[in-house]
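Note sheet for the following structure.
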Amino acid sequence: MTRLEKDFSLKKHNTFHLDVHAKFFVEVHSKEDLIEALNIPEARENKIFILGDGANVLFKSDFNGLIIKNSIKGIRTIEENDDHVILEVGSGVDWHELVTYTVNNNLQGIENLAFIPGTVGAAPVQNIAAYGQELAETFETLTAISIETGEEKVFTKEECEFKYRDSIFKGELKDKYFITQVRLKLSKHFKGVDTTYHSRYESLESELQSIATLPYKLKDIYNAVISIRKKKLPQVEEIGTIGSTFANPFITQEQLKELQKIVPHVQFYPINKMLYPKMDDPALIGLEVVKVPAGWLLEEMGYKGVRDGNVGTFPRHALCVVAYDGARGEEVYAFTEKMRGDFKKKYGITLKYEVNVI
Ligand SMILES: Cc1cc2nc3c(=O)[nH]c(=O)nc-3n(C[C@H](O)[C@H](O)[C@H](O)COP(=O)(O)OP(=O)(O)OC[C@H]3O[C@@H](n4cnc5c(N)ncnc54)[C@H](O)[C@@H]3O)c2cc1C
């Protein structure tokens, strides 16, 4: 049975810890709860927003509608052979809890995605990725319920249109479907470790060397990723943040040349080395494109560890905007807009929000 709350504080339901209020709020624990919630008058008369753990949402102000908070749990094996296992996971399961479950059961495929905050249902929405792995690699299908009709639909990988930090659920089908279950295919055979991932600041290989011995095991990768993330990123229990506020920009070779005039030592990653099958900007299709690190470029501008009132950036990562006690949504948004404006002025490149600004 669902319980409708009114003028509900979302402080505990977004990792910026912003004390914004929702006009209406309901938490669902099953598909039945969800169908019931979609049929209440408040759902038909107001706009609806689906909320996981709020680890990728910036509420600019109070939400004048109905928030449906996802708490649909359960992990079960629906197929198993000598080679692989297919898990069906409730979309309200904690993502890191799922990764831990797979590693403890010697199932390979999502270990590099350890310690990413949020729910399983939000993972396909932005095709979560980290340390050279992305959700799309193990994704099989998902089940979702239409907010408008209440009908259930199974989406294949192709239908999800996964891209870099993007999917159809962030675009055309934004706020149209509530994802209830996700199926992932994981390998029972340990295929070894791809330790080639590195950035200017960190390397999976050197972290593995410092915490484990050869031959590396599945659990070693998991532990190495957690260890790097704890050193580099803010912990959401301690400080308000949503991690990376902006996505790394994709730019053309011409734009890169211009950028190199300003920052000659900028790192860049050729797009053909990346896994994303489709670009998110149609204007770039067919062009030779590179990805450049937004965090490092912001750091070059002096944006690491700055503070303006109740908002700032994390001292170890310029891309992580942090909200201090008492910060208001509009204050955080004004700060991120200033960052984007300054970035555009300095480099001529427009940053795209990775966080969902509501
Ligand atoms: C410290 C930190 C580090 C992070 N590191 C990474 C990283 O390395 N890689 C990465 O990819 N992300 C990272 N993130 C971002 C975040 O963890 C992911 O985007 C995560 O998937 C968000 O999950 P959530 O449940 O909190 O989603 P929410 O923030 O609640 O929602 C995000 C979006 O998904 C939609 N949504 C949520 N659940 C559903 C559902 N069941 N059905 C349909 N739509 C839904 C919401 O409406 C919203 O638009 C990081 C965040 C933080 C705070």
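Each ligand, and each atom within it, is numbered from 1 in the order the structure gives.
Near Ala130, meaning under 4.0 Å from one of its heavy atoms, ligand 1 places the atoms 8 (O). For ligand 1, the atoms lying closer than 4.0 Å to a non-hydrogen atom of Thr241 are 53 (C). Each of the atoms 1 (C) of ligand 1 lies under 4.0 Å from some heavy atom of Pro234. Within ligand 1, counting atoms from 1 as listed, the ones closer than 4.0 Å to a heavy atom of Asn70 are 41 (N). Short contacts between ligand 1 and Val57, defined as distances under 4.0 Å to a heavy atom of the residue, involve ligand atoms 28 (P), 29 (O), 31 (O). Within ligand 1, the atoms closer than 4.0 Å to a non-hydrogen atom of Val236 are 53 (C), numbered from 1 in the order shown. The distance from ligand 1 to the heavy atoms of Tyr177 drops below 4.0 Å at these ligand atoms: 42 (N), 43 (C). For ligand 1, the atoms sitting less than 4.0 Å from at least one non-hydrogen atom of Gly54 are 26 (O), 28 (P), 29 (O), 30 (O), numbered in the order shown with element in parentheses.
If you check each of Ser91, Ala129, Gly240, Ser244 against atom 9 (N) of ligand 1, the one with the closest non-hydrogen atom is Ala129. Comparing heavy-atom distances from atom 2 (C) of ligand 1 across Gly243, Gly121, Gly118 singles out Gly243 as nearest. The residue among Glu134, Lys174, Gln126 with a heavy atom at the shortest distance from atom 12 (N) of ligand 1 is Gln126. Residue nearest to atom 14 (N) of ligand 1, selected from Asn56, Val225, Ile116: Ile116 (by heavy-atom distance). When the options Val322, Val125, Ile145, Ile358 are ranked by their closest heavy atom to atom 44 (N) of ligand 1, first place goes to Val125. Comparing Gly52, Pro124, Gly90, Pro117 by heavy-atom distance to atom 20 (C) of ligand 1, the nearest is Pro117. In the candidate list Leu233, Ile179, Asn14, Asp175, Ile179 is nearest to atom 42 (N) of ligand 1, counting heavy atoms.
Asp53 and Thr119 share no side-chain donor-acceptor pair at under 3.5 Å. Side-chain contact check for Asp342 and Tyr303: at least one donor-acceptor pair (N or O, by modelled atom type) lies under 3.5 Å. With hydrogens and angles left out, the side-chain atoms of Asn106 and Lys219 include no donor and acceptor closer than 3.5 Å. For the residue pair Glu354 and Ser244, no side-chain donor N or O sits within less than 3.5 Å of a side-chain acceptor on the partner.
Contacts between Cys320 and ligand 1, counted as non-hydrogen atom pairs separated by less than 4.0 Å, are absent for every part of the residue. Residue-level proximity to ligand 1 for Ile242 is carried by the backbone, the only part with a heavy atom below 4.0 angstrom. Only the side chain of Phe49 comes within 4.0 Å of ligand 1, counting heavy atoms alone; its backbone N, CA, C and O stay farther away. With a 4.0 Å cut-off on non-hydrogen atoms, Arg165 touches ligand 1 through its side chain and not its backbone. Contacts between Asn356 and ligand 1 below 4.0 angstrom, taking non-hydrogen atoms only, involve the side chain exclusively.
The environment of Glu148 atom CD is sparse: at most 12 non-hydrogen atoms of other residues, nucleotides or ligands sit within 6.0 angstrom. A 6.0 Å sphere centred on CD of Glu172 holds no more than 12 heavy atoms belonging to other residues, nucleotides or ligands.
For the atom pair Leu87 CG and Leu184 CG, the distance stands at 6.5 Å (nearest 0.5 Å).
Counting heavy atoms from C-beta outward, Ile358 and Val20 have side chains that stay 4.5 Å or more apart. Under the 4.5 Å side-chain criterion, counting only non-hydrogen atoms from C-beta, Phe335 is in contact with Thr313.
Among protein heavy atoms, the minimum distance from atom 21 (O) of ligand 1 is reached at Ile128 CG2, 3.4 Å. Closest protein heavy atom to atom 26 (O) of ligand 1: Ala55 N, 2.7 Å. The protein heavy atom nearest to atom 27 (O) of ligand 1 is Ala122 CB, 3.2 Å. Of the protein's heavy atoms, Ile50 O, 3.1 Å lies nearest to atom 46 (C) of ligand 1.
Follow the hydrophobic side-chain contacts under 4.5 Å out from Ile239 and you never reach Ile228; the two are in separate clusters.
With His17 contributing its side chain and Ala327 its backbone, the two residues share no donor-acceptor pair below 3.5 Å. Between the side chain of Asn127 and the main chain of Ser167, no donor-acceptor pair closer than 3.5 Å is present.
Under the 30°/60° scheme for interplanar angles, the aromatic rings of Phe246 and Tyr353 are found to be tilted.
Using a 4.0 Å heavy-atom cutoff, Phe178 is listed among the residues neighbouring ligand 1. Residue contact annotation: His13 has no non-hydrogen atom under 4.0 Å from ligand 1. At least one heavy atom of Arg229 sits less than 4.0 Å from an atom of ligand 1.
At least one N/O-N/O distance between Thr119 and ligand 1 falls below 3.5 Å. For ligand 1, the polar-atom distance check against Asp53 finds a nitrogen or oxygen pair separated by under 3.5 Å.
Here the two rings, on His96 and Tyr222, have centers that are under 6.0 Å apart.
Lys153 forms a cation-pi arrangement with Phe155, by the criterion of a distance under 6.0 Å to the ring centre and an angle within 45° of the ring axis. Remark: Lys47 qualifies as a cation-pi partner of Phe63 under the 6.0 Å distance and 45° angle criteria applied to the six-membered ring.
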Lys188 and Glu80: salt bridge (charged side-chain N to carboxylate O under 4.0 Å, His left out), yes or no, with the steps? CA-CA 9 Å; Lys188 285 172 88 171; Glu80 179 165 7; 2.7 Å; yes
